[in-house]
Amino acid sequence: MKATGIILAGGRSSRMGQNKALMTLEGVTVIERVRDELKKAVQDIIIVTNSPEDYDFLGCPMAGDIYQDGGPLAGLHAGLKNSQTDYNLAAACDMPFLSAGLGSILLNELGECQAAVPKISGQLHPLFGAYHKGLYRRAEEMLEAGDRKMRNLLTEDSRILSEKELLEKGWGGEEACFFNMNHPSEYEQAKRMLGRES
């Protein structure tokens, strides 16, 4: 199965006060960590950003939002529309501990559905999910109608996978893979988490 990783890097990082994707953990930018982990599960990577000059150093194809100020849904739309593969794994640029193993489990679900998204401890995680390329059309309809809610992209054609289901399919149960950095305090927390892992 050929798949594309879509890294959503279009946010303004206003709560962080600087571009969170370019902040470093152990000398490596967060977005490089995301890219390198995704590469274990996919063959191609697309960075969705409205400031491509910031990410030239990654050497990846880039796409800009077609719908401005549409939030993560607009980013996913642009990534899916530009993807050359039916199977796609989307990830936010601020998830330093995401898991390629979990990503592969989600991608494997796409044979029978349009989207596969984890739901852990009652919380849906659409910013680390697998999406069929054809979903960009539904995303487009939503954005045209002014609906920016990622959860509304998920219909009866989607698979919402519980913690129990994911564990049964081989996920290791690391909730850190859903950790994302929005505030300086969360950046400090990420550094502490790395210290505990080593």
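Heavy atoms from other residues, nucleotides or ligands lying under 6.0 Å from CD of Gln84 number 12 at most. Atom CD of Glu53 is surrounded by more than 12 heavy atoms from other residues, nucleotides or ligands within 6.0 Å.
Using modelled atom types, one side-chain atom of Tyr131 and one backbone atom of Pro126 make a donor-acceptor pair closer than 3.5 Å. No side-chain donor-acceptor contact under 3.5 Å links Arg35 to the backbone of Val30. No donor-acceptor pair under 3.5 Å is formed between the side chain of Asp147 and the backbone N or O of Leu143. With hydrogens and angles disregarded, a donor-acceptor distance shorter than 3.5 Å links the side chain of Glu186 to the backbone of Asn182. Here the side chain of Asn82 pairs no donor or acceptor atom with the backbone of Leu80 at under 3.5 angstrom. The backbone N or O of Asp157 lies less than 3.5 Å from a partner atom in the side chain of Thr155, making a donor-acceptor pair. In this structure, Ser104 contributes its side chain and Ala41 its backbone to no donor-acceptor pair below 3.5 Å. No side-chain donor-acceptor contact under 3.5 Å links Glu109 to the backbone of Leu106. A side-chain donor-acceptor contact under 3.5 Å links Gln43 to the backbone of Ala3. The backbone N or O of Thr24 sits less than 3.5 Å from a side-chain atom of Tyr187, completing a donor-acceptor pair.
Taking all atoms of both residues into account, the shortest heavy-atom contact from Cys113 to Arg159 is SG-CG, 3.4 Å. Counting all heavy atoms, side chain and backbone alike, Leu153 lies closest to Ser158 at O-OG, 4.4 Å. When every heavy atom of Gly172 is checked against every heavy atom of Leu167, the shortest pair comes out as C-CD2, 4.2 Å. Taking every heavy atom of both residues into account, Val34 and Cys93 meet most closely at CG2-O, 3.9 Å. Pairing each heavy atom of Pro118 with each of Leu166, the nearest pair is CB-CD1, 3.8 Å. Shortest non-hydrogen contact noted between Thr49 and Ala9 is OG1-O, 3.6 Å.
The only member of His77, Glu144, Arg148 that meets side chain to side chain donor-acceptor pair (under 3.5 Å) when paired with Tyr67 is Glu144.
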(message) Determine whether Ile31 and Ile47 satisfy the following criterion, side-chain contact (heavy atoms from CB on, under 4.5 Å), listing intermediate values before the conclusion.
(response) CA-CA 10 Å; Ile31 198 167; Ile47 314 280; 4.3 Å; yes

(request) For Val117 and Leu161, run side-chain contact (heavy atoms from CB on, under 4.5 Å): C-alpha distance rounded to whole Å, both residues' side-chain angles, the deciding distance at 0.1 Å, then the answer. (result) CA-CA 6 Å; Val117 173; Leu161 289 105; over 6 Å; no

(request) Tell me, with the steps shown, if Lys39 and Ile45 meet side-chain contact (heavy atoms from CB on, under 4.5 Å). (result) CA-CA 7 Å; Lys39 274 187 170 179; Ile45 300 277; 4.1 Å; yes

(request) Could you walk me through whether Ile7 and Leu58 pass side-chain contact (heavy atoms from CB on, under 4.5 Å), step by step? (result) CA-CA 12 Å; Ile7 303 178; Leu58 294 169; over 6 Å; no

(message) Go through it in stages, so that I can follow the logic: the residues are Lys169 and Glu165, the test is salt bridge (charged side-chain N to carboxylate O under 4.0 Å, His left out), and I'd like the CA-CA distance, side-chain angles, deciding distance and then a yes or no.
(response) CA-CA 6 Å; Lys169 291 176 184 294; Glu165 288 175 290; over 6 Å; no

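For the pair Ser121 and Glu175, the minimum side-chain heavy-atom distance is below 4.5 Å. Counting heavy atoms from C-beta on, the side chains of Lys133 and Tyr87 never come closer than 4.5 Å. Side-chain contact check for Asn88 versus Val42: every heavy-atom pair is 4.5 Å or farther apart. In this structure the side chain of Met16 never reaches within 4.5 angstrom of the side chain of His183, judged on heavy atoms. Residues Leu38 and Leu89 meet the side-chain proximity criterion, which asks for heavy atoms closer than 4.5 Å. Side-chain atoms of Phe57 and Thr29, non-hydrogen and from C-beta on, do get closer than 4.5 Å to each other.
Of the N and O atoms on the side chains of Tyr55 and Asn19, at least one donor lies less than 3.5 Å from an acceptor on the other residue. In the model, Glu174 has a side-chain atom that pairs as donor or acceptor with a side-chain atom of Trp171 under 3.5 Å.
For Glu140 and Lys81, the salt-bridge test passes: some basic side-chain N is under 4.0 Å from an acidic carboxylate O. Salt bridge annotation for Lys20-Asp94: present, with a cationic side-chain nitrogen under 4.0 angstrom from a carboxylate oxygen. Note on Lys2 versus Asp44: salt bridge recorded, some NZ/NE/NH1/NH2 to OD/OE distance being below 4.0 Å. Between Arg33 and Glu37 there is no salt bridge, since none of the side-chain N atoms of the basic residue sits less than 4.0 Å from a carboxylate O of the acidic one. A salt bridge links Glu188 with Lys191: the distance from a Lys NZ or Arg NE/NH1/NH2 to an Asp or Glu carboxylate oxygen falls below 4.0 Å. Contact check on Glu163 versus Lys119 returns no salt bridge, with no Lys/Arg side-chain nitrogen under 4.0 Å from an Asp/Glu carboxylate oxygen.
Legend: residues meeting ring pair (Phe, Tyr, Trp, His ring centres under 6.0 Å) with His125, ordered by chain and number and at least two apart, are Phe178.
The cluster map of Ile, Leu, Val, Met, Phe, Trp and Tyr, joined by side-chain heavy atoms under 4.5 Å apart, puts Leu102 and Ile160 in different clusters. Note: the hydrophobic cluster containing Leu25 does not contain Val28 (ILVMFWY, side chain heavy atoms under 4.5 Å, direct or indirect links). Phe128 and Met150 fall into different hydrophobic clusters, where Ile, Leu, Val, Met, Phe, Trp and Tyr side chains are chained together by heavy-atom contacts under 4.5 Å. Transitive grouping of hydrophobic side chains (ILVMFWY, heavy atoms separated by less than 4.5 Å) brings Leu194 and Phe179 into a common cluster. Under a hydrophobic-cluster definition in which Ile, Leu, Val, Met, Phe, Trp and Tyr are linked whenever side-chain heavy atoms come within less than 4.5 Å, directly or via other members, Leu8 and Met23 are assigned to different clusters.
Note that CG of Asn50 is 11.5 Å distant from CE of Met62, once rounded to the nearest 0.5 Å. Taken to the nearest 0.5 Å, the CG atom of Asp86 stands 12.0 Å off from the CG atom of Leu107.
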